[in-house]
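Report on one structure; see the data block that follows.
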Protein chains: 2
Amino acid sequence: MAHDNIDLSTLTKNELLVFEALKESEGPMKAYDVLDVLKSHGVRAPMTVYRALEGLEEKGIVHKLDALNAFVLCSHDHPHQVQSFLVCSECGMVQEISPELREAPQVEDKILGVVRATGFQMREARLEMKGICQNCTSKQGAHSTAAE
Amino acid sequence: MAHDNIDLSTLTKNELLVFEALKESEGPMKAYDVLDVLKSHGVRAPMTVYRALEGLEEKGIVHKLDALNAFVLCSHDHPHQVQSFLVCSECGMVQEISPELREAPQVEDKILGVVRATGFQMREARLEMKGICQNCTSKQGAHSTAAE
DNA sequence: TATATCAATGTTATATCATAATCCAGTAAA
DNA sequence: TTTACTGGATTATGATATAACATTGATATA
């Protein structure tokens, strides 16, 4: 697990709590879901969670998936300029695939090149792909192909 | 303008109103901003706007920018599988760059290849890149380079 | 004509997501 | 001890989005 490499000593108390909650969850969590989990640790207000999430994002440990209003741990060691996620519309699964795309480095290079050519200074980018994951496809495929 | 090619006869009354509002705006609009504009046309409720936006999205005429909770007209003729947007953190400018990326088709092909290899059936994808646009860069650059 | 149906729209209420503003506690330096 | 700073707690509210149900109007058809 990539998360083992993170220096937890730089995290505040609440950041650590949120980090642990996300680590347990094995998937993206909504802020208010994190809040529910942390209520047993005395956290009461949304602000507390959002502040911690903001801190974790600044440290590159957490990403927000805007399409879901949800947050995930960054699943790779070296923060990348383009993060890529598969989001299953069926079961909600989220998979970060930046590592796979890194094996095709032309992709990021090309993107960065095109962007730079427009005079744009990119800070961060996310590619969020929505569709049906393999698991859901095989489950459904056996029964029908209609659905839509 | 690419929007001239759209067959407006397929739009419902409210979809047409929202379409016109977005066309005027020359940029992304929040749903409630659209609502404000359409109040002069008798539209009162958020639902009306959200329903029309949903219809326009299904017809491929509008995209939602999740990172901004905002909606833009699709600025090119042929809906593409990966839509790419530059979002300026400074001035809020949004530019769709799919046409530029199309000149580098390896990018989309590679992405689609990698994704397909994971067994994922992609429906739609958006690459949202945040940074500073050329305009803001040149304005700021003259005065300072610090800022962050 | 009556009536069934369907899509679009209207309306009300509420859920969900996020932040502003203010105050407080600990702690480290002057 | 003051001062300043960082993180945290609390309260309230803003912003975004949808649920649930009623209404309308067009079309089909018995």
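Chain letters run A, B, ... following the sequence lines, proteins first and then strands; every chain starts at 1. Below, each value reflects all heavy atoms present in this structure, side chains not excepted, and no hydrogens, waters or symmetry copies.
A nucleotide of DNA chain C counts as in contact with chain A when one of its atoms lies under 4.0 Å from a heavy atom; the first and last such, 5' to 3', are C:dC17 to C:dA20.
With hydrogens and angles ignored, the 3.5 Å screen pairs a side-chain donor or acceptor of B:Glu128 with a backbone N or O of B:Ala67. B:Arg126 contributes a side-chain N or O that, together with a main-chain N or O of B:Lys64, makes up a donor-acceptor pair within less than 3.5 Å.
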For this session: May I have the step-by-step check of side-chain contact (heavy atoms from CB on, under 4.5 Å) for B:Thr118 and A:Leu86, ending in yes or no?
Result: CA-CA 10 Å; B:Thr118 71; A:Leu86 301 178; 3.6 Å; yes

Exercise. Please walk me through it: do A:Leu127 and B:Ile111 pass side-chain contact (heavy atoms from CB on, under 4.5 Å)?
Worked result: CA-CA 10 Å; A:Leu127 176 60; B:Ile111 291 175; 3.8 Å; yes

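Here D:dG7 presents its C1' atom at 15 Å from CG of A:Leu53, a figure rounded to the nearest Å. Counting to the nearest Å, the C1' atom of D:dT16 and the CG atom of A:Asn69 are 9 Å from each other. Distance, A:Leu56 CG to D:dG8 P: 11 Å, rounded to whole Å. The distance from atom OH of A:Tyr50 to atom P of D:dT16 is 13 Å, rounded to the nearest whole Å.
Base-pair partner of D:dT10: C:dA21 (Watson-Crick or G-U wobble, both distances under 3.5 Å).
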With the criterion being N/O to N/O and under 3.5 Å, what pairs connect the protein with nucleotides 23-26 of chain D, and how long is each?
none

Got a list of protein N/O to nucleotides 9-15 of chain D N/O distances below 3.5 Å?
unit_1, atom_1, unit_2, atom_2, d
D:dA9, OP2, A:Asn14, ND2, 3.3
D:dA9, N7, A:Arg51, NH2, 2.6
D:dA9, N6, A:Arg51, NH1, 3.1

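Residues B:Met93 and B:Val87 do not share a hydrophobic cluster, clusters being chains of Ile/Leu/Val/Met/Phe/Trp/Tyr side chains in contact below 4.5 Å. In this structure, B:Leu53 is not a member of the same hydrophobic cluster as B:Leu65, with clusters built from ILVMFWY side-chain heavy atoms closer than 4.5 Å.
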Side chains of residues 10-22 of chain B: which donor-acceptor partners sit under 3.5 Å, not counting sequence neighbours?
unit_1, atom_1, unit_2, atom_2, d
B:Thr10, OG1, B:Asp7, O, 3.2
B:Thr12, OG1, B:Glu15, N, 3.2
B:Glu15, OE1, B:Thr12, N, 3.1
B:Glu15, OE1, B:Lys59, NZ, 2.5
B:Glu15, OE2, B:Lys59, NZ, 3.2

In residues 27-43 of chain B, what donor-acceptor pairs under 3.5 Å come from side-chain atoms, sequence neighbours left out?
unit_1, atom_1, unit_2, atom_2, d
B:Lys30, NZ, B:Leu68, O, 3.0
B:Ser40, OG, B:Val37, O, 3.0

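The only option from A:His63, A:Lys130, A:Gln95 that meets the side-chain contact (heavy atoms from CB on, under 4.5 Å) definition with A:Phe85 turns out to be A:His63.
To the nearest 0.5 Å, atom OG of residue A:Ser25 and atom CZ of residue A:Phe71 are 12.5 Å apart.
For B:Tyr50, the ring pair (Phe, Tyr, Trp, His ring centres under 6.0 Å) test picks out no residue, with sequence neighbours left out.
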